[in-house]
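Reviewing the structure listed below.
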Amino acid sequence: MVHIAPGHGPEDFELGMEFGIEAFCPVDENGKFSQEAGEKFAGMNARKSNADIVQYLRTKGLIFYDHTLEHRYGHCWRCDSPIIYRTTSQWFLKITQIKELMLEEIDKVRWTPDWAGSSREYDWAVNARDWCISRQRYWGIPLPVWKCQCGEMKVIGSVAELKGADGFRDGMELHRPWIDAVTLKCEKCSGRMKRVPDVLDVWFDSGVSSWAQLGFPGSRKELDRWWPAKWITEAHDQTRGWFYSQLAAGCIGFERAPYESVLMHGWILDPQGQPMSKSRGNVIEPAEVIGEHGADALRFYMMKANAPWEDIAFQHEGVKNARRTLNVFWNVCNFATTYMSIDHFDPASVEFAALQSSLRVEDRWLISRSERLKNEVAKHIESFELHKACRALEEFILEDLSRWYVRLIRDRMWREEGDMDKIAAYRVLHDSLMSLSKLMAPFCPHITEEVYQSLDGSKGSIHMQDWPAPDLTKADDRLEGSMSLVKEIVEIVTRERQSRGVKLRWPLKRLAIKAKTRETLDSLRSLEAVLSSQANIKSVEFVNPDEDWKDMILNVIPNPMAIGKVYRQWSSKIAILLKSRPACQIKESIEKGEYSLGIEGQMIKIEPNMVSFTTSLPPDVTSVPFSEGEVYVDFQMTPDIEAEGFARDLIRRIQQMRKDMDLDVEEFITAKVRASAKLIEFFKVWRDHIMKETRAKDITFTHEPGGESVVNWEVEGEEIEVGVTSLHTKESVGQFSVIPGLSRNGALGLVEAGYKSPADLRSLPEEKIAEIKGVSKTDARKITHYVHKTGLGAELSCPECGSLIKEGSETCPSCGKSLVAKGGSMPRDKLIPFLLRVPRMNRVKAEMLYDAGFDSIEKLEAASKDEIRQVKGIGAKTAEKIIAYVHAGGFKNPVKCEKCGASIPPDALTCQSCGVEAPSEIVEEGEVEEEAEVITAEDYKLEPSFTYLIKEDKAERSYGFFVKALAEGLSGFCVTRNYPLKIKAKHNIGDTPVIWLSNVGKENTLRPKDLEKLSVSLEQFITAAEPGKGSIVLLDGLEYLITNNNFLTVLRFVQSLRDQIAIKNAILLMALNPSTLEPHELNLLEKEVDVTM
RNA sequence: GGGCCCAUAGCUUAGCCUGGUUGGAGCGCCCGGCUGAUAACCGGGAGGUCAGGAGUCCAAAUCUCCUUGGGCCCA
């Protein structure tokens, strides 16, 4: 049995047509049954009467089966009420007639994604029915069909055709209701033709939009130029919408599709993946997102989130993330422009060709990456894979620029102006940012415009620039490949550091790289600088593919079976001795044919079958495989490394304090540091560096560090107390601002050179001023002019702050001090520093002078020698010196530092740029350090067969013992790090042989790495000693041996040496500075000696 | 009821067309680093039955079919 209602649905209607069943439609426009439904139901709501109808049929006995079926039913999209289909008379476009053409055209169009055309649109067109274009509405384009009562119809094609019609006026409104008043005369029956009241389906408007917007058919001009459209884009709901209506209209009007390619994009769904709608209440307002994260961030997120044709479940996090990427981009640009503008860098003034020789590998690498990016982005945009374009951009910004290139060039940014190395980096970075901005411009129009304007902007808007064309000849696969290996290795080192708890600030001793191929090794070699700087490694070694790393430790394994067979009772002793000797020495000797050991006075020969050898990693070395081989990371700590690590840590803490004190980056400071003696030694080595990095004019090491800010830090278990005081140079810079036209750099240069006010410059000729760093020639001229020519108060300076003041001024314009009492007293602590610069002067004398009334420079200048002599505590000679100093202008003129040449103001005790003491005799009350009681040679008797470890900074005591032993008739042997002639001169050791540990390679020197040779020499000396006459060995330079080898190797050497000493009744003295060893190392060493003192 | 698309870590996703080392990222989480890009930045770790099921194949996240769930367009 079939249910069919040809009057109520298209399928049923078509089936009815096919089988000749009438389209019976007994429902009126209000959804009520009409008279046709019969008297009983007429006027009833068609949907609500279902139960009545069933009941009626049942009473008539016409019901066979009564059941409820669940099925989908069409509802109004707007009010959601069920719809009733009615058959009515409508106007149609006969699509079925052009279906074949449409299918062909769909095939010709380029669809993105492919299935949007080949599957979706095609499927829709195949099933397309004739297009009903009439609507029974009021608003809309009136259907241009006029109909006469006689049945005659006329379709109007243009306004011109309406001319002369009744009710028509030129320029009249052509919509309802006015158009309905226009009537035509029927050409057939002379009756009035009236317009059909329908309007057109709105999709018909959309369908003709491609040419309607070009003014066609009014004019062909624009149509010929622009039509068909190159590209259109809409979401996937437009398969039957705009894509279709345009296609149908185009095929009817022009027999072709009005577009060449289509991008069918997705929807933005809510975070749960549901479409946004007002009724659901899940709409996210773009304006709010833009307000929070910015328009570019929203755009960039939506572009990169997924393919354009896929729906996006909108995520706030995603926008936030995009914003972070853009922020990094912004930071990089900011970083670049900050430095570039400081140096007034103008890319146009630098010929790229001229930079070729200054380019570093990392520069070439970035160029290569940039060119590849251009290529990639263009490719992705052309295939509409905008997400891929954006991801490539993001990757470049984060990985290549921010995480790598900027890090690599940071150091270069602080070079002096005009440094080619820096300019090369500027240029490469600038070019790269320019093309990056252009590539990003379509996605992030605002930020890129801003960046472009700050980078150049000379050519108007970024959006008017040419698209950057890639130059793949500058792309270098090999370089990019080896750079990514370097990155990989840096990551390995970072990871290993982390697992061992070694901070990046602490340098590592070395890294060895063994590569699978020589090519890889060579290309890595060219990036050595990058590698060592980024991984903070002191030295990098390269190991050829077919070789072992030379520092792999050779271990000797005694074969007890073979040894036991020959030397039964000594077998275990031999094994122990063998293990305590350097394995390489054993191996070498055995390979030469013979190796012997001395045991209990016997020489024992070791045969090759008695030992075997293995290699193992040196202590503190980790080996990690990487994609092209293996790396060995050496974590051994040496005093050098420790010193550098602590120095860097100190720098870091001082920087933190500067930051906490809100100091300007250009401000100078002085620092005072309290720390353990060991650390102070370290800091002294790095003093200059620490001062440079922290912009400190002075660093002193004291027990009570005071200052504006004092902080106790703990670094690697060590306590460090740091006091930082700002020098307030910013204020001093202000002093120079009275000079008209002086540049900021110039003012800063003057301050840095130690000048406090313009008055300080009075005695300097213009050429000298121009020599001051940062002061340009123009600056110098302005300064000279101001100081000498302005006349106004040129000779006066404020006694309080030293700045120039006009004659007649009652107060100082800089510090506000009253100037009425001219030549009046200066504060004690202001004048004392001036005085202390006088030769023979000390604090006590200075104070006495001050107390005696010489309390200003003027008074001192005016005083005679005799007057000064009157002061208690000042002798004739001192008075003489003071007068001489005054006459030489010592209180007025700065002097040149003997070391660095910088100018030292007359009241400064040390040179502010290099820290050297000012060139005059400064006598300060020094603290006398108490010395702990120590055992010295005078009251101690050394025992034969003993090994002594003598802990001391300098080997004084050790030499004391040694010299005493020599005097007692022992034959001596000295191994030292010190130059032998010095040793001989300093200590009375006569002809005693001295071996110098050094790499110079002269006679009587030994390379510190050559422990074997040292061991042999010592063995020879001990065994060669005359019977009955004792022998003594002084080993001074253990630290040096340890730094050049590693601790365990040296320890083994000591063990072996000690055995020899014991056997031969000799004495061994080892001098050592205990702070150069780790505590556990010291323990190990102490265990190997008989006496520590 | 029909056509098309989608499903991978807590979340957002790459990889699928053209099957093949150990399924990559980002966010979040946990742990570190850095501090002259700093209302930033960098590294490491944990976290996966590739929706479920069947098939093809030496081999399946990937190809085929089915099921389930979601989206779009229609009916």
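Lettering of chains follows the sequences in order, A, B, ..., and the numbering in each one begins at 1.
Atom NE2 of A:His265 and atom C1' of B:C72 are 13 Å apart (whole Å). Straight-line distance from the CD atom of A:Glu488 to the P atom of B:G43: 15 Å, rounded to whole Å. We find that CD of A:Glu385 is positioned 11 Å from P of B:C16, with the value rounded to whole Å. As a whole-Å value, the separation of A:Asn331 CG from B:C42 P is 10 Å.
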Filtered N/O pairs between nucleotides 9-11 of chain B and protein, under 3.5 Å:
none

For nucleotides 44-46 of chain B, which of its nitrogen or oxygen atoms have a protein nitrogen or oxygen under 3.5 Å away, and what is each distance?
none

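Phosphate proximity of B:C41 to A:Arg324: present, with a side-chain N or O under 4.0 Å from OP1 or OP2. Within the 4.0 Å cut-off from OP1 or OP2 of B:A75, not a single side-chain nitrogen or oxygen of A:Asn127 is found. Close to B:U13, at under 4.0 Å from its OP1 or OP2, lies no side-chain N or O of A:Arg391. Listed pair A:Arg403 / B:C42 meets the phosphate criterion, a side-chain N or O lying under 4.0 Å from OP1 or OP2.
Checked against B:G71, B:A37, B:G26, the side chain of A:Pro275 finds its nearest nucleotide in B:G71. Minimum atom distance to the side chain of A:Asn334 is reached by B:U38, of the listed B:C72, B:A40, B:U38.
In this structure, A:Pro113 reaches neither bases nor backbone, as no heavy-atom distance under 4.0 Å exists between it and the strands shown. Counting any heavy atom pair closer than 4.0 Å across all strands shown, A:Trp309 reaches no nucleic acid atom. Using a 4.0 Å heavy-atom distance criterion, A:Ser402 is classed as a base contact. Within 4.0 Å (heavy atoms only), A:Glu693 reaches at least one base atom of the nucleic acid. A:Tyr339 comes within contact range of the sugar-phosphate backbone alone, with a heavy-atom separation under 4.0 Å but no base atom that close.
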Task: Pair assignment for RNA chain B - dot-bracket with | for other-strand partners, Watson-Crick or G-U under 3.5 Å - done: (((((((..((((......[...)))).(((((.......))))).....(((((..]....)))))))))))).

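Residues A:Glu450 and A:Thr448 bring no donor and acceptor atom of their side chains to less than 3.5 Å of each other.
Salt bridge status for A:Asp649 with A:Arg653: present, with a side-chain N to carboxylate O gap under 4.0 Å. Salt bridge status for A:Lys320 with A:Glu317: present, with a side-chain N to carboxylate O gap under 4.0 Å. Note on A:Glu693 versus A:Arg648: no salt bridge recorded, every NZ/NE/NH1/NH2 to OD/OE distance being 4.0 Å or above.
Put simply, the side chain of A:Arg410 and the base of B:A37 share a donor and an acceptor less than 3.5 Å apart.
Side-chain atoms of A:Ser432 do not come within 3.5 Å of backbone N or O of A:Val428 as any donor-acceptor pair.
Closest approach of A:Asp363 to A:Arg412, counting heavy atoms only: OD1-NH2, 2.7 Å.
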